[in-house]
Each structure stands twice: as structure tokens, then as C-alpha cells.
There are 2 protein chains.
Amino acid sequence: MGNRIYATYWLETGDDPKRAAEAIAGEQSSGTFVALPTETAELKERSGARVENIEVLETVSSPSLPGGMKGDRYHRCRLTISWPLENLGPSLPNLMSTIAGNLFELKQVSGLRLLDLQLPHEFAQAYPGPAFGIEGTRKLAGISEGPLIGTIIKPSVGLSIEETARQVKLLVDGGIDFIKDDELQGDGGYCPFDDRVSVVMQVVNEAAQRTGRKAMVAFNLTGDLDQMKRRHDHVLAEGGTCVMVCLNSVGIIGLHELRKHSQLPIHAHRAGWGYLTRSPALGWEYAPWQKIWRLAGADHLHVNGLRNKFSESDESVIAAARSVLAPVMPEAPMTAMPVFSSGQTGLQAADTFAALGCADLIHTVGGGIFGHPGGVGAGVEALREAWAAAMSGTPLGQQAERSAALGQALEFWK
Amino acid sequence: MGNRIYATYWLETGDDPKRAAEAIAGEQSSGTFVALPTETAELKERSGARVENIEVLETVSSPSLPGGMKGDRYHRCRLTISWPLENLGPSLPNLMSTIAGNLFELKQVSGLRLLDLQLPHEFAQAYPGPAFGIEGTRKLAGISEGPLIGTIIKPSVGLSIEETARQVKLLVDGGIDFIKDDELQGDGGYCPFDDRVSVVMQVVNEAAQRTGRKAMVAFNLTGDLDQMKRRHDHVLAEGGTCVMVCLNSVGIIGLHELRKHSQLPIHAHRAGWGYLTRSPALGWEYAPWQKIWRLAGADHLHVNGLRNKFSESDESVIAAARSVLAPVMPEAPMTAMPVFSSGQTGLQAADTFAALGCADLIHTVGGGIFGHPGGVGAGVEALREAWAAAMSGTPLGQQAERSAALGQALEFWK
């Protein structure tokens with residue numbers, strides 16, 4: 001790998017593919033629209049981005065995105081470009097401008113999507129990565145194996161502090177491992193952050209004193225930097241064990257600064273991910289995107305869930321989760337914990353486990369827990385039993401013979 | 001307007017448009033995929049987002065984006081949703097999660113694009129806006145009317161500090177108003193930030209002592225937060241009058257923190273804008289996007305240029321520039337300066353002026369200045385004369401009768 005940065009793209013172009021690739025490499029390094037006498041051969045050799053590989057995958061008759069140059073046909077290609085690290089140094093913000101800057105606007109491009117990213121080891125020296133990751137999260141949550149069984153406070157916004165605390169009490173009394181704020185719940189007037197944390201943590205701490213295990217609550221501290229630091233300190237002071245932040249809302253510097261300040265795991269929400277990924281011909285795959293946030297310090301990363309209620313395919317969900325569990329680089333794994341959510345019940349446990357080969361994850365389930373006729377405790381137990389079945393290769397029906405809670409759940413999960 | 005937030009979207013849906021609109025409003029406030037007994041009528045009235053208006057624009061037979069629900073037809077609509085400010089408070093990061101969060105991933109959506117955003121006045125109390133804007137920039141640059149005539153150091157990366165300084169000397173001796181680093185030029189090994197600033201500012205300061213007017217140089221300090229603050233201080237100490245930052249690379253907190261620290265105008269680059277906007281069925285128009293960054297403190301905002309070398313239409317460029325010049329809200333204009341670039345010469349001056357009705361802008365021109373047979377000074381003069389012609393309504397040919405530099409330029413500008 002040496003000290004170069006490698007980015008792989010899906011490219012669609014109405015131009016000659018090799019010429020388009022060179023135009024992209026030029027725009028993103030020492031070239032510009034016209035040949036310059038000051039871009040000497042020596043300068044280009046030293047600082048120019050290199051087209052490492054381009055492979056034409058297929059040819060289509062019309063462009064995916066408007067505004068590009070017209071062609072008789074449009075070639076779709078897999079393109080790898082590399083840059084000398086020296087151009088920018090190991091800096092995540094400057095990396096963004098380099099691998100994901102102006103290139104999407106080029107006329108040569110009628111489709112461009114970032115598929116993969118390989119970084120030299122200097123990035124792992126310059127950035128901290130997750131402080132807790134899987135192991136640290138398990139330790140704080142008191143769950144040594146299997147997934148953390150979790151849920152989200154609902155309605156997302158609008159509950160008072162007291163209503164929120166009542167919902168949390170039901171959950172911790174039911175034995176839940178993990179609870180999170182909705183990404184819309186920040187510091188609104190009706191449920192202000194500080195008071196919410198104090199009242200919720202009183203419930204959580206009381207339960208922990210009884211049971212010896214403290215549910216992890218991810219409080220959404222998304223806000224301005226000073227606010228986030230102050231809120232973190234408040235969560236810590238009240239005995240909380242996790243904070244949550246919306247990545248696209250605060251940006252790379254927001255996460256990096258929070259990571260430097262935080263003494264708690266950072267639960268990273270990807271609200272807004274849709275505008276980065278929903279067009280197949282544009283934007284980002286999750287694999288390169290989540291790598292940047294892990295370097296900056298994300299401990300938990302949302303990946304949607306199998307058979308979710310959104311538009312994402314199961315294939316994409318699993319690829320995303322695998323990328324979160326894969327090392328950032330061999331010498332610096334920086335592994336984070338994938339968070340599965342959206343329309344989840346115990347019915348997705350076996351397929352999720354089979355696809356990942358491990359249960360180092362957070363599984364957040366709403367209706368599948370709250371809707372259980374035996375109550376929240378039975379809902380949590382049913383989820384845990386579904387995961388025990390998945391991990392031991394036992395069919396759910398057979399597992400239900402030893403768990404009435406699972407048996408009941410199987411009648412309403414769908 | 002009261003204390004509500006209003007966002008307007010272009011929506012395409014295979015569902016009934018009104019039902020889809022309600023699903024979006026629900027997902028982004030108190031609703032979820034299933035009806036919850038805890039989402040009472042009173043809670044929904046207080047905290048629910050409201051569909052203010054939906055208008056079907058046209059109907060098409062196939063969806064723009066994959067993954068959504070299938071329909072016989074797909075309705076394209078203009079949709080306005082409002083939220084009570086109380087849900088989130090005047091917080092730009094939480095605003096992002098609310099107006100541009102999960103909604104893009106909904107199955108009801110086969111296309112969704114944010115067109116407009118109206119914010120209550122509390123946002124202008126919570127955020128500083130640009131510290132310099134048009135007036136402060138003009139004062140520092142010593143240009144009381146007409147555009148700032150500018151250019152970008154090229155090649156983007158790869159020049160040594162000495163080569164950069166030689167290019168700057170040519171430019172300041174030629175009477176340029178504004179010079180910027182390329183967005184790829186940060187703090188690379190070959191042209192480190194601190195030394196570049198010191199050597200360039202020596203050239204700029206010497207010229208200013210001779211001429212009494214100091215060219216404004218936007219040094220790209222994009223990096224981690226500590227680095228950006230330190231670099232800003234170095235620019236200030238060396239007598240510099242501007243810093244530049246790549247917005248998508250640092251995020252909202254990056255810009256907001258820089259604004260709080262900075263004593264200089266902030267030149268805001270939009271590298272990566274393409275992945276947010278290039279699909280017409282997804283993402284962001286510039287008008288709502290730039291408003292958020294102006295609140296956070298951007299003084300100058302890139303808008304591409306007429307007849308540019310990228311894929312953006314002239315119509316989109318002008319709409320973007322107008323949005324930068326329009327008030328953020330009547331009681332807090334927070335006007336910023338649009339920056340025109342890409343394939344620009346004096347030939348775009350008249351059309352740009354006619355479309356905006358003013359010359360409160362930065363016009364960055366590369367080949368149109370460097371390629372002038374009379375040298376950089378003649379190139380700058382030709383640009384200035386082209387703008388004088390535009391502002392007085394004089395045809396370029398007629399203006400050229402009194403300016404040999406413009407006359408020569410008209411022979412090679414194209």
C-alpha cells in the first residue's frame with residue numbers, strides 16, 4: 001500500500017472511460033481544465049493522482065444523471081484512483097475534499113459513487129478510533145455475549161420527562177440492555193436534555209442497584225460543540241454510560257472533538273444517510289463512509305436492519321454491518337458495533353447472525369418488545385431467546401418449547 | 001411565521017401523495033411505523049410536524065429512485081412541512097436531523113429534494129452569521145465597488161512554497177484583489193500551511209506597502225479543529241486577511257467553531273456539493289443548504305459560474321448566487337458574498353451582473369488572466385474593464401476602445 005490513498009468508484013461516463021478517469025484524477029490533484037505550463041512532468045509524477053485500474057462493467061444507452069457530456073453510449077466502470085499521502089497528510093477533512101470533492105460535478109461524469117477506501121497507516125496514528133468499541137461496550141453494559149437487546153424511546157418527540165422516565169422504568173424492569181433516544185430528541189423545550197438525563201438516570205441507577213447491571217442509555221447530545229461537551233459531562237455525572245450523536249448533523253469535526261472529550265462510548269446515528277446514498281448512481285456506499293467516522297471515534301454505527309421498514313435492501317444492510325465489523329486497516333482494526341433497527345423482531349435474529357457470523361451488535365426492537373402480551377419483560381426475554389436459538393442453530397419453534405415468552409412472541413411477531 | 005420551521009420539498013411517491021406526506025411528517029416528528037397508544041392526540045397536536053401544503057405537479061410512470069413502494073403511477077409534488085421550534089430548539093445540528101434526516105430513506109419516497117427552508121428568528125439569535133459579509137470583505141480588500149477580481153493558485157497541489165510565492169507575486173504586481181488556495185491544497189508535505197502563509201504574506205505585504213492596497217488571500221486552513229485555530233492565528237499574525245474552509249469536510253460544528261474563533265472573513269468552499277445535489281430526484285437545492293452555513297458563519301460562498309466547466313446549468317448557478325445574496329430572514333439578512341468560478345472570463349461579466357442586479361461578488365478567473373498576452377496585469381485590467389462595461393451597460397467592444405488590455409483579451413477569451 002505504501003503511503004498512498006486508494007479510492008474505488010462506480011463511474012458512468014459518456015466520454016472515453018480512460019479519458020474520463022484521467023480527468024477525474026487530474027481534477028482531484030494537479031490538473032485543471034486546461035494544460036498549464038507550471039504542471040511539469042516532475043510535478044505531475046510527484047503530486048498527480050494515478051488511475052490504478054479501470055474496468056468497464058457494462059454499457060448503457062442513456063445517462064443516469066443529467067448535465068454530463070453527451071455520448072453515443074455510456075460506459076459503467078469500476079475505477080480505482082490513488083493519491084500520494086503527501087498531497088494532504090493524514091487529515092480526514094482534507095481526505096474528504098480529495099476523494100469526495102469536486103469530482104461528482106464533472107461533465108465527464110453521468111454517475112459516480114464511492115465504493116471503497118483504503119488508507120495508509122498514518123491515518124490510524126493521527127486519529128483515535130473508537131475508545132470503547134465492542135469490548136468496552138460489552139463491559140459497560142454487562143453483556144459478555146450475544147447482542148445487546150435494545151429499544152428506542154417512542155414517540156420520538158413529544159413525551160414529557162416524566163412520561164419518558166415511565167417508559168424507561170418499564171424497560172429496565174423488563175431487563176433491557178440498551179435504550180436510545182430518537183435522533184429527533186435533542187434538547188427541545190418539552191423534554192430538555194439535562195432534566196431528561198437526570199430523571200432517566202435516577203430510574204436506571206435505582207434498577208442497577210437492585211439488579212447489579214446497568215442498562216446502557218444512549219442520550220442524544222447532538223448540538224453545538226459547547227453544548228455537546230456540557231451534556232456529556234452531565235450524562236457522566238449522573239452515572240450514564242453512553243452518548244449519542246447524529247454524524248451528518250455535526251460533521252467530522254463535531255465527532256472528532258466529541259471523541260477527544262468523551263469518557264463514554266459514542267453511539268453514532270446516520271440521520272441523513274439517505275441523501276448520500278439513495279441514488280444508485282451517486283454518492284456513497286456505506287463501507288468507505290463509516291470508515292471515516294470510525295477513525296474519528298464512533299463506537300456504534302447504525303446499519304438499518306434486515307426486512308426493515310425503509311427502502312434499503314437486505315444485501316445493502318448486511319454489507320454495511322460487515323464493513324463496520326471489518327478492520328479499518330490490518331494494523332488498526334478500530335472495530336465498532338453495528339446497530340440494527342427498523343421493523344425488527346426476533347424473527348431477524350437467525351438471518352442476521354448467519355450473515356455476520358457473530359453477535360457483536362446492538363439489536364433495537366420497538367413493537368416487538370412493547371407489543372408482547374406478557375409485557376416488556378417477556379418481550380425482552382423473547383428477543384434474547386430468539387438470539388440464543390440463532391447462535392445455537394436451534395429452530396425458533398424448538399426454542400419456544402423452553403420459553404413461553406418466545407412462544408407468545410412468535411404469535412405476534414411478523 | 002410564528003415559532004415554526006418550514007421546509008419545502010420536491011417529492012415523488014408511488015403512494016397516495018397526501019398519505020406519503022403524512023408519513024414523512026410522522027417519521028420526522030412524533031409518529032413511527034405503527035400507531036402507538038402513547039402518541040396521544042394532544043401530543044400529536046403539540047409536537048407533530050404538519051403538512052402545510054401539497055401540490056401535485058405531474059405524474060410519471062416509473063420511479064426516479066429504486067427501493068420505494070410500487071405504484072401504478074408516481075406523483076411528483078411540491079410539499080411544505082412545518083415543525084414546532086419547541087421540538088428541537090434553535091439548533092442547526094438538530095435542524096439537520098429534523099429537516100434532512102431519515103425521511104430520504106422512506107419507502108413512500110421515490111424522490112425527495114429539499115427546495116426551501118424558512119426559519120424562525122430564534123436561529124438568528126442563536127447563531128452569529130457572517131462576521132464580515134459583503135461590507136467587511138470590501139473594506140479589508142480595499143474594493144468599494146464592482147466585484148473582487150480573483151484567481152486560484154494552480155496547479156491545485158504540487159507547487160513548492162517558492163513556486164507558489166512566485167505566482168502570488170505575479171498576481172499582486174498585476175493588481176489582483178483576491179487569491180485563493182485550491183480546495184485540495186491544505187497542509188501537505190510539499191507545501192506546508194505555515195510556511196506557505198509566511199512566504200506568501202511576505203510577498204503580499206511588500207506589495208501592499210508599495211501600493212497601499214493589500215490583496216486578500218484565502219488560505220485553505222481546512223483540517224482538525226485545533227489545526228484550524230492554530231492556522232488562523234498564523235494567518236492573522238502574518239497580516240493575512242482571509243481564511244478558507246471546505247464546508248462538507250469539516251461539518252457544521254467545524255464552521256461554527258471556526259467562526260467563533262476567527263477574526264478574519266471565512267471563505268467557504270463547497271467541495272463535495274455534487275454528491276448532495278447532482279441527482280435531480282434527491283438531496284439538496286443550494287438555497288436551503290447555504291442558509292444553514294451562513295447562519296453558522298460563512299462570509300463567502302461558492303456558486304460555480306455561468307457557462308462553467310462542470311455539469312451545473314446557468315439557471316442553477318444564478319439561483320444559487322441569488323440565494324446567497326437574499327436575506328436569511330427579514331430581521332437578520334446575514335448576507336454573504338457569492339464566489340463565481342470555473343471557466344470564467346470577462347465574457348460572463350455582463351450576464352452575471354444582469355442576473356444579479358449587483359456586483360457584490362468575487363469573480364475568480366484563471367486562464368482568462370494568466371493567458372493574457374500582455375501579462376497578469378493586463379489580464380486583471382481586462383477583467384475589471386469587462387465589469388465596468390457590464391455595470392455601465394456598455395458593450396464590450398465599445399469598452400475595448402478605451403482599454404487595450406480588454407481589446408487583447410477579447411481576442412483570446414472564449
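Here is the naming used below: chain letters follow the sequence lines, and residue numbers restart at 1 for every chain.
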> Applying the ring-ring contact (aromatic ring centres under 6.0 Å, His included) test to B:Tyr275, which of A:Tyr275, A:Trp284, A:Tyr9 qualifies?
Replying inline: A:Trp284
[X] side chain to [Y] backbone, donor-acceptor under 3.5 Å:
| X | Y | result |
| --- | --- | --- |
| A:Lys107 | B:Ser311 | no |
| B:Arg278 | A:Ala281 | no |
| A:Asn94 | B:Asp187 | no |

Separation between [atom1] of [X] and [atom2] of [Y], rounded to the nearest 0.5 Å:
| X | Y | atom1 | atom2 | answer |
| --- | --- | --- | --- | --- |
| B:Asn102 | A:His302 | CG | NE2 | 9.0 Å |
| A:Thr38 | B:Arg166 | OG1 | CZ | 11.0 Å |
| B:Met96 | A:Leu247 | CE | CG | 11.5 Å |

Proximity breakdown for [X] and chain B, heavy-atom pairs closer than 4.5 Å:
| X | value |
| --- | --- |
| A:Asp182 | neither |
| A:Ser110 | backbone |
| A:Val109 | both |
| A:Leu184 | both |
| A:Gln28 | both |
| A:Leu43 | side chain |
| A:Leu255 | neither |

With respect to chain B, which residue among [options] yields the maximal number of heavy-atom pairs within a distance under 4.5 Å?
| options | answer |
| --- | --- |
| A:Ser249, A:Gly251, A:Gly274, A:Gly67 | A:Ser249 |
| A:Phe310, A:Phe370, A:Phe104 | A:Phe310 |
| A:Lys154, A:Met69, A:Glu39 | A:Lys154 |

Heavy-atom proximity to chain A below 4.5 Å, by part of [X]:
| X | result |
| --- | --- |
| B:Ser91 | side chain |
| B:Lys260 | side chain |
| B:Glu257 | side chain |
| B:Glu27 | both |

> For the candidates B:Gly89, B:Ala271, B:Gly68, B:Gly158, which exhibits the highest count of non-hydrogen atom pairs separated by less than 4.5 Å from chain A?
Replying inline: B:Gly158
>> Quick one about A:Tyr127 and B:Asp224 (side-chain donor to acceptor, distance below 3.5 Å, no hydrogens or angles considered), yes or no?
In response: yes
